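Each chain gets a letter, A, B and so on, in the order the sequences are listed, and its residues count up from 1. These numbers were taken from a predicted model, which means no experiment stands behind them. Reckoned from all heavy atoms, side chains included, excluding hydrogens, waters and symmetry mates.
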Amino acid sequence: MEYNFKQIETKWQELWKERKTYRVETDPSRPKFYVLDMFPYPSGAGLHVGHPLGYIASDIYSRYKRLCGYNVLHPMGYDAFGLPAEQYAIQTGQHPAVTTEQNISRYREQLDKIGFCYDWDREVRTCEPEYYKWTQWAFLKMYDHFYCNRSQKACPIKELVEAFAANGTEGLDVACTTPMTFTAEEWAEWNEEKREQVLQNYRLAYRADTMVNWCPQLGTVLANDEVKDGLSVRGGFPVEQKRMKQWSLRVTAYAQRMLDGLDSLEWSDSLKEIQRNWIGRSVGAQVFFDVKDSERKLEIFTTRPDTIFGVTFMVIAPEHEWVEELTTADNKAAVEEYIAQTKKRSERERIAETRRVSGVQTGSYAINPFTGKAIPIYVSDYVLAGYGTGAIMAVPAHDSRDYAFARHFGIEIIPVVEGGNIEVESYDAKSGKMINSGFLTGKDVTEAIPAMFEEVEKRGLGKKLINYRLRDAIFSRQRYWGEPFPVYYKGETAYPLPEDKLPLELPPIENFGPTEQGEPPLARVADWAYEGNQLELSTMPGFAGSSAYFLRYMDPRNSEALVSKEANEYWRNVDLYIGGIEHATGHLMYSRFWNMFLYDLGYVCESEPFKKLVNQGMIQGRSNFVYRIVGTNKFVSLGLKKDYETQEIHVDVNIVKNDQLDLDAFRAWRPEFKDAEFILEDGKYICGWAIEKMSKSMFNVVNPDNIVENYGADTLRMYEMFLGPLEQSKPWDTNGIDGVHKFLRKFWRLFYGKEGELALTTEEPTPAELKSLHKTIKKIREDIENFSFNTSISAFMICLNELGACHKRAILEPLTVLIAPFAPHIAEELWSAMGHEQTIFDAAYPVCDEKHLEESAFEYPVMVNGKLRFKQTYALDMTPADIQADIVTTEGAQKWLEGKAPKKIIVVKGKIINIVM
RNA sequence: GCGGAUAUGGUGUAAUUGGUAGCCACGUCAGACUUAGGAUCUGAUGCCGAGAGGCGUGGGGGUUCGAGUCCCUUUAUCCGCACCA
């Protein structure tokens, strides 16, 4: 009987569904294991072969863990709110809810065909009110909390209000947007509106006037991680900086905890490094410089206080709040002109012109506190308003940007560290002897830095300070297809909706674009109000819904809480999370923040949501080309194309097999190729190829459905794993898929005779067969634990090669279980054919019995002076000394050793590795 | 510019973690069985060389009895951040 994968796979997919084989419940009697995939955004294009890569890996691991006796939670859902559905809606007028629903059905259909073991009863969709109720709920909680730096956790805002009423800001150390100082008396005098304004400075979800990334084409603001190279990640539209009143999340409050938390996580070093960079902690000094003829003290941040003797000018950002004040009458026109110009330049232009030096003098001077010299204050856009204090002390001798600036404006350059060639370029010295630096002169840079920190504090010039690059997350989008904010307004003041009014449902609308006044689409909804007060018009960004979905899966139908205490204490956090690296600075930051916040409030019991994280590599496309002889409709095969002038044309990879073009399919592909002629080599047309991004326009998109159709889900699953290490990016290339398919067929044939009868025997296995089996068990277990799925599949193949035509049940039954995580359909079918009534996934995963691996004798390779000379078989009980004696007396060895005893015999782990003469 | 990763046959890759480099596949070649083969089975296949032998893990250097693996240096590719003070 042939291996009929189609019949087997359909049969088992239906039976699994019917029998709810993959249903999971909390079960305190068993250890839990939580395996999670990053849930997909259901786009209109459907899945391509790259998507399931991570899903297959997590599915293998889930099934393996289940077979090992764990209660495995392995859920799936959809990240269903977001821009693309809405952009599509604007173009076509179709409601995003409709297209999203369609896309989800298509995804589900595709996922089902691959045979995943998701518990679909736990499915979540971020766009459903029952789900986003908890997104809104978390937002309200953030709104109602502030971050106390002293206790390092979120605390209720009413504690802050009490503190303000008692002592004003005196003695507080809390996270805020801009530092404020006021007294209890002042607080008492303020009205509700003013107090609310002040509180926004402290709330973890707050509304503030900040510089934001504004994308005119998308008509919305974007978070930093949604912008790349000055363009929006979705759509690639230009983004500009604009000051707007927006909701933000105070993720910066958690910067240090998010940084520290990384150490305890089993994430790849590169991913941790990306997060560390994104948080961008830098230790430096805050230093106040006196401004000449003024009471003002200009505050700067520097990581190199040791170079302060080399400061010859100061620079403030064009957006710095003192620009006007510091500008003298003579310079007013020039400064205003410069600022106007800066404003006009887009973010993208600013990036493109990174090295262009520009700036203008304010006319004011600061006093270098160590040299006492008056130094000019400039305005330049190379200083960013958003980082540090928006002002710097410039040390042209030791900073390349300051150097360029000083050169351009003819400012004095004073070296303070020995070395480098100051005439030509700056010397960014991290060590070396200090010169021209008063009391620091003669010290090494490494000593000078701490000495200066001390001196700055001693003189009261400033203090040690830690700065983070991380920015608060801008949380509102001027869009329709997202979670509405549970917030209403009285005048300009925002008020939270009472919790029992959640979920605040997204109202249906018909026109999805912004209004003529440029307001978000929700402005069109006539009764978008709460008790007569206008509700917030913006909606939440895409990352809102994905920031706590892993918690919701634990208890997805709970209408009383995001997750019950019981479910949360059982499932705790995600043991294994698999997904793409592209979420390093977005989703993975936000969900850590979100989870830590809920942890502070006691709603969840683990502060880190994802214990172990594996990033699957990207699957690239492998494009195929045909070569048309210029000016003709004649195509020449790859090997012969050098003799002709040809034009390279992308050809649909689905009509190419092993780089060989299906000529009839090609003629049928497009009308223009109907009469195509070919110059063949060896009767074949061989296509060229290249690795490119998988995309429709390059005709290299491979749909998993086609593979499942032709080879079956088990082959697809195994082949995707066989392609190479999981974490590595690799091109999709079906050239090797036959090998995996052949392996499954071969496995199948071991069970069945020619007549389709079960051909298993009860014969006792030989020691060699047992050895092969147990070696494989050991290897497979190790490989799965290490996510080395490609080598585990090799191990299966080796095992079958070694076994040959073995039909013994005692060998094949454990092998079937062993292979079940990889190829669940065929394994389940064979398992059931062997007479088992329970699913194979309730069986126990085979355990290696080391006794079958033992050898009675083994071969030592013997090397003489680096060359392999002969092999000798020794009994296990011989010691290295016995072997040495043996080598010396053996005739063959004697010949090589020319009668001399070796100087040294190198034995590693009881094995002779080399003989030195 | 800073940070991270990768580099092995014609191709995807493997290597007990410092111990016979190239496992397992793809591809190619040869053979068997076949009316046929995009089925199945067997064998060969790193490169040079008729052979003995030599050379081989991006390049150069080092440590070691021994290096794909460790150290230094250099090149190429990919990724992240980027006037971040």
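- Classification of the A/W748-A/Y3 ring pair by plane angle, with boundaries at 30° and 60°, yields tilted.
- No contact: A/D399 has no heavy atom under 4.0 Å from any strand.
- Toward the 5' end of RNA chain B, the nearer of the two residues A/R304 and A/V227, judged by each one's closest nucleotide, is A/V227.
- The side chain of A/Y382 contributes no N or O atom lying less than 4.0 Å from OP1 or OP2 of B/A85.
- Here the nucleotide nearest the side chain of A/N801, chosen from B/C24, B/C83, B/G27, is B/C24.
- Taking the P atoms as reference points, B/G4 lies 24 Å from B/G59, given to the whole Å.
- Rounded to whole angstrom, the span from the CD1 atom of A/I780 across to the P atom of B/A14 amounts to 15 Å.
- Candidate nucleotides B/C24, B/C81, B/C26 were compared by shortest atom distance to the side chain of A/F722, and B/C24 ranks first.
- A donor-acceptor contact shorter than 3.5 Å is absent between the side chain of A/D399 and the backbone of A/V395.
- Nucleotide B/A50 forms no Watson-Crick or G-U wobble pair with any nucleotide shown, as no partner meets the under 3.5 Å limit on both distances.
- Look at CZ on A/R281: it is 13 Å from P on B/A85, rounded to the nearest Å.
- Residues A/F405 and A/F313 place their aromatic rings such that the two centres sit under 6.0 Å apart.
- Aromatic rings from A/F666 and A/Y685 are positioned such that their centres are separated by 6.0 Å or more.
- Dashed line: the shortest gap from a side-chain N or O of A/N467 to OP1 or OP2 of B/A85 is not under 4.0 Å.
- A/P731 comes within contact range of no nucleotide atom at all, as no heavy-atom separation falls under 4.0 Å.
- One finds no salt bridge joining A/E782 and A/K779 here, because no Lys/Arg side-chain nitrogen approaches an Asp/Glu carboxylate oxygen to under 4.0 Å.
- Base pairing of B/A5 is made with B/U77, judged by Watson-Crick or G-U wobble geometry with both donor-acceptor distances under 3.5 Å.
- Comparing A/N790 and A/D402 along RNA chain B, the residue whose closest nucleotide (by nearest heavy atom) sits nearer the 5' end is A/N790.
- When distances are taken from the side chain of A/K746 to each of B/G4, B/C41, B/C83, the shortest belongs to B/C41.
- Nearest nucleotide to the side chain of A/T791, out of B/A14, B/A25, B/C26: B/A14.
- A donor-acceptor distance shorter than 3.5 angstrom exists from the side chain of A/N213 to the backbone of A/L222, with no hydrogens or angles considered.
- For A/R469, taking side-chain heavy atoms from C-beta onward, the closest of the listed nucleotides B/A82, B/A85, B/A14 is B/A82.
- Picking from B/A85, B/C83, B/C81 the nucleotide with the shortest atom distance to the side chain of A/I392 gives B/A85.
- Considering only the side chain of A/T302, B/A85 comes nearest among B/A85, B/C41, B/U40.
- For B/U40, the paired nucleotide is B/A32, the pair qualifying as Watson-Crick or G-U wobble because both relevant distances are below 3.5 Å.
- Partner assigned to B/U64 is none, using Watson-Crick or G-U wobble distances below 3.5 angstrom.
- Distances shorter than 4.0 Å separate some side-chain N or O of A/K742 from OP1 or OP2 on B/C26.
- For A/R745, taking side-chain heavy atoms from C-beta onward, the closest of the listed nucleotides B/G3, B/A39, B/A25 is B/A39.
- Rounded to an integer number of Å, the gap from A/I581 CD1 to B/C81 P is 11 Å.
- If you take CD1 of A/I798 and P of B/U16, they are 13 Å apart, rounded to a whole angstrom.
- Taking a pair to require two hydrogen-bonding distances under 3.5 Å in either a Watson-Crick or a G-U wobble arrangement, B/C26 pairs with B/G10.
- Comparing the P positions of B/C48 and B/G10 gives a spacing of 9 Å, expressed to the nearest Å.
- Listed candidates were B/A25, B/C41, B/A14. Nearest to the side chain of A/R749 is B/C41.
- Using N1 to N3 plus N6-O4 or O6-N4 for Watson-Crick, or N1-O2 and O6-N3 for G-U wobble, each under 3.5 Å, B/U16 pairs with nothing.
- Of all nucleotides listed (B/C26, B/C24, B/G4), B/C24 comes nearest to the side chain of A/M797.
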